[in-house]
Amino acid sequence: MTPILAALQVETLKLRKSKLLWAVLAAFTIAPLMGGFFMFVLKNPEFAKTTGLLGAKAQIAGEATWKAYFSMLAQIIAVGGMLIFGFVASWIFGREYTDRTIKDLLALPYHRGILVIAKFLTVLAATTLLSAYVVAFGIFIGWGIGLAGWSAAVWQKGLFVLSITTLLTISLSTPLAFFASWSRGYLAPLGFMVLMVVFSQIIAAIGYGNYFPWSIPALYSGIAGEEYALKVGNALIVLSTSLAGVVATLVWWLYADQY
Amino acid sequence: MDNLIQTEGLTKRYNGFQAVRDLSLCVKKGEIYGFIGLNGSGKTTTIRMLLGMVKPTAGTCFISGEKVNLKNYAIWEKVGYMVETPYAYPELTVKENLHAFRRLRLIADPKVVDEVMDRLKLTPYADKKAKNLSLGNAQRLGIAKALLHKPEILILDEPVNGLDPAGIVEIREFLQELACNEGVAIFISSHLLTEIAKIATKVGIIHEGRLVQEVDAIKLHHLLNQRLVLDMREKKAGLEALASAGFAPFLNKAGFIEIYCKEAIHHPDDVARFLVYQGLAPTKLAVEEEDLESYFLRVIGQKGDRLL
């Protein structure tokens, strides 16, 4: 067995046995249910009138079509995913410090970087699977509601936007791994994550969202109500932030004193 | 190669605090090195430097003659370790924790887990989650993780913490067997000199980051202070008589007469005879040896020379 495979097996076991997986799965299950509910309300205006505030909010999606529904799912992943994926990354790295198991990982007979890479790959796999689950569950609900505007082109476009939004959002979870390692726990990364969500709203509102990595996935998902053309520059901003997160985490694990 | 563990001028300073200074020591195959110090004396920092977790400000550590650094990770194949209180993944059972570390240690044979559980009497707790283990069993699990890959070098930080008296004896005998029969070099830290003195072949005392004494365990008792303790009915007269004979006696807090004069300690019969001739027959006369904890405190300068 190679070190990376061994480390991946152990990371998978830890994740599988943890309560975190089920907690985030439950949290992410609520999102498409809510999206589906909004669509249901839109499809049934009479019901909307009797639901008061919720009915008014459901108007945000505009119309009960597959196009609008895909956009809503993308927004759920862009905003909800930022929190959920961030939490997954914070846990996978931070738990070694809070459970004080980190020291058992620091003197193994292979390069310490392998463990960091295995952890990032686990974050990638777990968050991709979570996104796939949300999309699959969302589509199932969409079918159940009987949304209008079904076509291969809508599907193709919808799934493409969802995939890119997911990748952009997952990419932004790497700095949280660094904050979890640097602060030796969950609190700092969770604080950072909330701060970035707030900043992404403010910066997008004042018109500079194009340049702020944490605003870009949400803008691309269509949260501003208009189609957003993702430029290479925007993608590079997100990817370089992600890379900075990976490098910072590696440097921390390799060179910082581990007390 | 002679020394399996070696440090040369090991020093660590952080945030203006001198945790370890100029520490040099070595441990050979089959040796048990007892590393004694108070809490915060630099034991754990030394162990972390030995394991490459903390970078020394100055000096070097060697494992099997190879310098400890990030690139030299192959050396950890020979090393089993346990740093501070052992922690395991709480949601995994004892068996799962050990299998996880078996994989991380790249051991293909799953039987090693059952073997190490048997050896450390963990088999009845195999399916118990680590978070539900008693401190003693968590300690055993920590030692089991350190032994999974049958290391040539064992570095253990306070390994008997939390164990009951039977467990302490068991682990002590187990470590002795590892060192004597399998030639494992063991570096073991503790704040209990009495406990360490029972298994160590060499003892190093660290205080405020400095190695203040290093001695072969068999020579340790030569360094312990001795005293002659006496009791008699006429203490005042006895003190005067002994003083006039040049024994420099004094009355201790417990109300006994103490003498540290070597002549008296080596010939208590002469003292007894002298007192009887003076008409001050002793009701108690005993040569007592300083205990190891007192010796330890004396060495690190926390108590006076006369403390027993």
Side-chain angles (χ1 to χ4, degrees), chain A residues 1-24 91-119 121-122 181 184-186 249-259, chain B residues 12-15 19 44-45 47-57 63 68-93 96-97 99-108 129-131 141-142 145-146 148-149 151 153 155 157:
Chain A
M1 192 185 296
T2 60
I4 187 77
L5 265 178
L8 277 171
Q9 269 189 357
V10 172
E11 286 305 320
T12 311
L13 173 74
K14 288 189 278 188
L15 189 64
R16 200 162 50 79
K17 292 274 178 175
S18 75
K19 286 192 181 108
L20 169 107
L21 191 68
W22 307 109
V24 292
W91 184 84
I92 286 178
F93 282 86
R95 65 99 29 108
E96 304 293 357
Y97 291 92
T98 50
D99 288 340
R100 301 174 80 173
T101 44
I102 178 77
K103 56 201 177 216
D104 290 334
L105 304 177
L106 297 174
L108 292 170
Y110 38 84
H111 199 279
R112 213 180 277 172
I114 287 173
L115 292 159
V116 181
I117 300 299
K119 281 187 176 290
L121 288 175
T122 311
S181 307
R184 303 172 206 274
Y186 314 125
T249 312
L250 268 168
V251 167
W252 179 264
W253 274 61
L254 299 185
Y255 301 109
D257 281 350
Q258 304 285 344
Y259 286 103
Chain B
K12 183 66 186 177
R13 257 189 314 273
Y14 53 87
N15 302 331
T44 302
T45 305
I47 285 181
R48 285 181 190 267
M49 284 193 281
L50 273 175
L51 292 166
M53 296 175 188
V54 167
K55 211 179 292 170
T57 311
I63 294 285
V68 172
N69 62 31
L70 200 60
K71 290 177 193 158
N72 239 344
Y73 44 80
I75 56 177
W76 305 126
E77 207 166 335
K78 300 170 187 166
V79 181
Y81 66 93
M82 189 181 84
V83 184
E84 284 184 309
T85 315
Y87 287 94
Y89 295 113
E91 67 278 10
L92 303 189
T93 63
E96 284 168 340
N97 263 293
H99 275 297
F101 278 93
R102 174 183 66 78
R103 288 195 180 100
L104 287 175
R105 283 268 171 203
L106 310 177
I107 306 165
K129 284 192 177 176
K131 65 180 172 190
L141 177 57
K145 282 195 288 187
L148 262 178
H149 54 298
I153 297 162
I155 297 173
D157 194 3

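Being a predicted model, the structure only gives us computed values, none of them experimental. All chains are named by letter (A, B, ...) in the order of the sequence lines, taking the proteins before the strands, and each is independently numbered beginning at 1.
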Subject >> Heavy-atom pairs under 4.5 Å with chain A, option from B:R102, B:M82, B:E91, B:M49 with the top count >> reply: B:E91
Original post:
So, do A:L108 and B:R105 sit near enough that their side-chain heavy atoms are less than 4.5 Å apart?
Top reply: yes
Original post:
At what distance, to the nearest 0.5 angstrom, does CD of B:E84 lie from OH of A:Y259?
Top reply: 11.5 Å
Subject >> Check ion pair B:K12-A:D257 (N to O, under 4.0 angstrom) >> reply: yes
**OP:** Name the member of B:L92, B:I75, B:L70, B:I107 that forms the most heavy-atom pairs with chain A at distances under 4.5 Å.
**Re:** B:L70
**OP:** Under 4.5 Å heavy-atom distance to chain A, tell me which part of B:A108 shows up: side chain, backbone, both or neither.
**Re:** neither
Subject >> B:A88 versus A:T101, closest heavy-atom pair with distance >> reply: C-CG2, 3.8 Å
**OP:** Below 4.5 Å from any heavy atom of chain B, which atoms of A:L105 appear? Answer side chain, backbone, both or neither.
**Re:** both
Original post:
Any idea which of B:E96, B:H149, B:K131 has the most non-hydrogen atom pairs under 4.5 angstrom with chain A?
Top reply: B:E96
Subject >> Nearest-0.5 Å distance, CD of residue A:E11 to CZ of residue B:R103 >> reply: 12.5 Å
Original post:
Measuring from B:Y81:OH to A:L106:CG, what's the distance to the nearest 0.5 Å?
Top reply: 6.0 Å
Original post:
Do you know which of B:L104, B:V83, B:L51 has the most heavy-atom pairs with chain A at a distance under 4.5 angstrom?
Top reply: B:L104
Subject >> Side chain, backbone, both or neither of B:K145 within contact of chain A (heavy atoms, under 4.5 Å) >> reply: side chain
Original post:
Measuring heavy-atom distances to chain B, does A:R112 have an atom under 4.5 Å in its side chain, in its backbone, in both, or in neither?
Top reply: side chain
Original post:
Looking at CG of A:D99 and OH of B:Y89, how far apart are the two atoms once the value is rounded to the nearest 0.5 Å?
Top reply: 8.0 Å
Subject >> Atom pair NZ (A:K103) and OG1 (B:T85), whose distance is rounded to the nearest 0.5 Å >> reply: 6.5 Å
Original post:
Which heavy atom in B:L106 sits nearest to a heavy atom in A:M1, and how many Å separate them?
Top reply: CD2-O, 3.9 Å
